[in-house]
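Following: one structure in structure tokens, then a few remarks.
For reference, positions follow the sequence shown, starting with 1.
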Amino acid sequence: MMRQFELVELVKSYDPNADEGLLNRAYVYSMKAHGAQLRASGDPYFSHPIQVAGLLAQMKLDSASIVTGLLHDTIEDTVATLDEIERLFGPEVGRLVDGVTKLSRIELQSDQTKQAENFRKLVLAMSEDIRVLLVKLADRLHNMQTLRFIESEDKRRRIARETMDIYAPLAERIGMHRMKDQLEDLAFAELYPDARASILARLGFLRDRGGDIVPRIIAELGRKLKEGGLEAAISGREKSPYSIWRKMQRKNVSFEQLADVMAFRVMVNDIGACYHALGIIHSSYHVVPGRFKDYISTPKPNNYRSLHTGVLGPERQRIEVQIRTGDMHEVAELGVAAHWIYKQSEARTDGRQYRWLRELLDILDHASGPEEFLEHTKLEMFQDQVFAFTPKGDLIALPRGATPVDFAYAVHSQIGDTTVGAKINGRLLPLRTRLQNGDQVEIVTSKAQTPSPTWERFVVTGKARARIRRFIRTQQRTQYLDLGRSIVQKAFRQDGQDFSERPLEAVLKQFNCATVEDLYVAVGEGIATGREVVNAAFPRDAEDRNKVVPLARARRKGRSAETAVPIRGLIPGMAVHFAGCCHPLPGDRIVGIVTTGKGVTIHTIDCDTLESFAEEPERWLDVAWSSEEADAAHTGRINVTIANEPGNLGSLTTTIGKQGGNISNLKITNRSTDFFEIMVDIQVADVKHLSTIIAALRATPVINSVERARG
Ligand code: MN
């Protein structure tokens, strides 16, 4: 185990200004907090955070990261609290430790590999500071190094699989190749021990047969470069068993066919020397076609730079050669961590990490192609996405601000359409609740449910919005179509014509409609009247028709609009009721429904109830408001959603009163812990009056939504 002074000295070796006192306090605090806890290996638990801190120090990270490494398991595993850590070590360390703790709480809930990409995104989204991710990777590396001590094979395999699918690709993404190689090889050893053993045995056999082939090739390459006037540091290695195995899988070749199992690295002083070295190697040996790659002129998305080539080298062996400068090498091995070291002094002068983080994001931003897990997410990824689990453990990626309705539509359109409620982490919460990273969401559905227009106000995904709008549109269109058809049929009848769609087809153009259905919808919406349609269809009869049809003649008395007549006076003595479902108000477009022996019931033209009369066109009457009606008081009904807080009901009634509305009835229709739904009947003069009240309510902060009741 690394001792306290060894750790401090290691940090001071690359960062002379490191806060020694802070490091010492964290070391002692962690040791005391973990106390007598033991690891599966039998070591004191405290050895783990120490080793993690050591790994971070090897990456030359700043003191805050090292301290976070020391403290990273204290909140989860000991009595330590975030408050205490913030108090003792400051807000920066508190924030980092909190971030690592949250990351550790997400367990891979699903074995499905297709989820890996979303998990990687979730981890990145939760690592608001990249140092959180670096500490998590070091934590994972040490856990993998001690994986063999865990007794349960299932657990070992799950951790190894997670490492392979999530953490090794993340390390690669941020350019930490050394970390990635180590994680992969450790996971490979756990998951495919036989494959790894046979590859190692094969490598051993080749080594025995060829003798010290790697040093011989290094010496030969060095001699050639020196002849060409270049000083270079050359190293050589066998490729890792895992990368050999991957290549065997990917290229579907056997080990024997896999020619280049050795890779050599040539390090020179500057970029010019890189191309110089490349020229010497290419003119000395046969080049293997298709193996040359210039990552200096075109760096990889994670900022990796190098020249790669394959040649039939000394001893007639196929070898891979990478040529790079010392700076490029540091970036290749340490990725963003190298970037961190380089930028540290600069970041320190303005006291914040933003610039450095920005550059990392720029690197991530340039990822492209289906292999890149950052596709489509770009810079906003950290702020603009939220990831939530289904009860089965699938991970759904949504834009930030997404609600359970967005979630339901993302899972399946059918689920979205039939959503009635949502349980978030087991608690039933309103559908407008904003989801948080890592939430588990269970959607409650009912076959009787249909999309609600009110959802449109809080959903954030295009899919949900499109489905809701489409549903409302088709629903309205169906209503308008049925209504329009019966109005037209009635107009035909009143005109003494046999109903047929043929004359309608001839006049579509005049009404700017493509189909007869469109024409019905136009009539249903009130854009055209039934009379206008009939007049257009039978133009020569237009003069006589009104004499023939007494009802139509009667209509002409009151108003100029052809089919609109005052409600009273239509048939003297006929009783008129206002429908309780839609509460029509003067100014509303209205329709009368005749009930034998009871008179006429007036509905607004968009009232849902009218649908039930669609099959009885003979009961429909075109009606309009008379001047007497406009003078009387009418009752309008609204539905209000209001936050459940003291005084809010008072604001509601005060606002209505200020606008001259008189509340005649008030009923709470739905109540939950954080909101009320209330139905309010208000005496108003007309629809304009009600609209003014609704607008005033919408302007009141405590009121979430106001809707006029529609049937
Ligand atoms: Mn740990």
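In this structure, CG in L23 is found 5.0 Å from OG in S63, a value given to the nearest 0.5 Å. The OG1 atom of T309 sits 7.0 Å away from atom CD1 of I323, with the distance rounded to the nearest 0.5 Å. Rounding to the nearest 0.5 Å places CG of L71 at 9.0 Å from CG of L88. The distance from the CG atom of L82 to the CG atom of D98 is 4.5 Å, given to the nearest 0.5 Å. For the atom pair CH2 of W245 and CD1 of I199, the computed distance is 8.0 Å after rounding to the nearest 0.5 Å. In this structure, M31 CE and T74 OG1 are separated by 14.0 Å, a value rounded to the nearest 0.5 Å.
In summary, the side chains of Q37 and H34 do present a donor paired with an acceptor at a separation below 3.5 Å, with no hydrogens or angles considered. No side-chain donor from either of S152 and D154 sits under 3.5 Å from a side-chain acceptor of the other. One side chain, Q322 or E320, offers a donor N or O that lies under 3.5 Å from an acceptor on the other. A side-chain donor from one of R39 and T146 sits under 3.5 Å from a side-chain acceptor of the other. In this structure, a donor-acceptor pair under 3.5 Å is present between the side chains of R324 and Y304. A donor atom on one side chain and an acceptor atom on the other are found under 3.5 Å apart for D62 and S65. Checking D73 against Y45 by side-chain atom types alone, a donor-acceptor pair falls below 3.5 Å.
Under 4.0 Å is where a charged nitrogen must lie from a carboxylate oxygen, and between E151 and R156 no such pair does. Between D185 and R196, at least one side-chain nitrogen of the basic residue sits less than 4.0 Å from a carboxylate oxygen of the acidic one, meeting the salt-bridge criterion. Taking a cutoff of 4.0 Å between a charged side-chain nitrogen and a carboxylate oxygen, E190 and R148 do not qualify as a salt bridge. Ion pair R131/E92 flagged as a salt bridge, since at least one NZ, NE, NH1 or NH2 atom sits closer than 4.0 Å to an Asp/Glu carboxylate oxygen. A salt bridge links D139 to K136: one of the charged nitrogens lies within less than 4.0 Å of a carboxylate oxygen. The residues D83 and R87 are annotated as not salt-bridged, no charged nitrogen and carboxylate oxygen being separated by less than 4.0 angstrom.
Using the six-membered ring where Trp is involved, F188 and Y192 have ring planes that are tilted, between 30° and 60° apart.
The side-chain hydrogen bond (donor to acceptor under 3.5 Å, both in side chains) test with T163 singles out one residue from R140, R158, E184, and that residue is R140.
Proximity of a side-chain donor or acceptor of N425 to a complementary backbone N or O of Q440 within less than 3.5 Å is detected. A donor-acceptor pair is defined here as one N or O able to donate and one able to accept, closer than 3.5 Å; no such pair exists between the side chain of T68 and the backbone of L96. Listed for the D439 side chain is a donor-acceptor partner under 3.5 Å among the backbone atoms of Q436. Of the possible polar contacts, one joining the S47 side chain to the P44 backbone as a donor-acceptor pair under 3.5 Å is found. The closest donor-acceptor contact from the side chain of E220 to the backbone of I217 lies at 3.5 Å or more, if one exists at all.
Other residues, nucleotides and ligands contribute only 12 or fewer heavy atoms inside 6.0 Å of the CG atom of D327. For R216, the CZ atom sits in a packed shell: over 12 heavy atoms of surrounding residues, nucleotides or ligands are nearer than 6.0 Å. Residue K423 places its NZ atom among 12 or fewer non-hydrogen atoms of other residues, nucleotides or ligands, all under 6.0 Å distant.
Between Y295 and L307, every side-chain heavy-atom pair lies at or beyond the 4.5 Å cut-off. Counting heavy atoms from C-beta outward, I443 and P404 have side chains that approach closer than 4.5 Å. Counting heavy atoms from C-beta outward, N24 and V8 have side chains that approach closer than 4.5 Å. Taking 4.5 Å as the limit, every side-chain heavy atom of K239 sits out of range of all side-chain heavy atoms of M262. Residues I75 and I85 form a side-chain contact, since some pair of their non-hydrogen atoms from C-beta on lies under 4.5 Å apart. Here the side chains of H329 and T325 are not in contact, with every heavy-atom distance at 4.5 Å or above. Put simply, the side chain of V214 reaches to within 4.5 Å of the side chain of F264, judged on heavy atoms. Put simply, the side chain of M2 reaches to within 4.5 Å of the side chain of L10, judged on heavy atoms.
Between F5 and Y27, the gap from one ring centroid to the other reaches at least 6.0 Å. Ring-centre distance between H72 and H48: below the 6.0 Å cut-off. The distance between the ring centers of H308 and F292 does not fall below 6.0 angstrom.
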Could you walk me through whether T390 and V441 satisfy the side-chain contact (heavy atoms from CB on, under 4.5 Å) test, starting with their C-alpha distance in whole Å, then the side-chain angles of each, then the deciding distance to 0.1 Å, before giving a yes or no?
CA-CA 6 Å; T390 67; V441 184; over 6 Å; no
Stepwise side-chain contact (heavy atoms from CB on, under 4.5 Å) check, T403 with T433
CA-CA 6 Å; T403 63; T433 309; over 6 Å; no
Before you tell me yes or no, could you show the steps for Y29 and E84 under side-chain hydrogen bond (donor to acceptor under 3.5 Å, both in side chains), namely the whole-Å CA-CA distance, both residues' side-chain angles and the distance that decides it to 0.1 Å?
CA-CA 11 Å; Y29 181 87; E84 191 176 45; 2.6 Å; yes
Take I244 and L203, measure what side-chain contact (heavy atoms from CB on, under 4.5 Å) needs, and give me the verdict at the end.
CA-CA 10 Å; I244 292 172; L203 286 169; 4.0 Å; yes
Go through L186 and L147 one step at a time and tell me if the side-chain contact (heavy atoms from CB on, under 4.5 Å) criterion holds.
CA-CA 9 Å; L186 290 162; L147 187 67; over 6 Å; no
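Residue L183 comes nearest to A171 through the heavy atom pair CD1-CB, 4.5 Å, listed as atom of the first residue, atom of the second, then distance. Between G99 and V132, the shortest heavy-atom contact is C-CG1, 3.6 Å.
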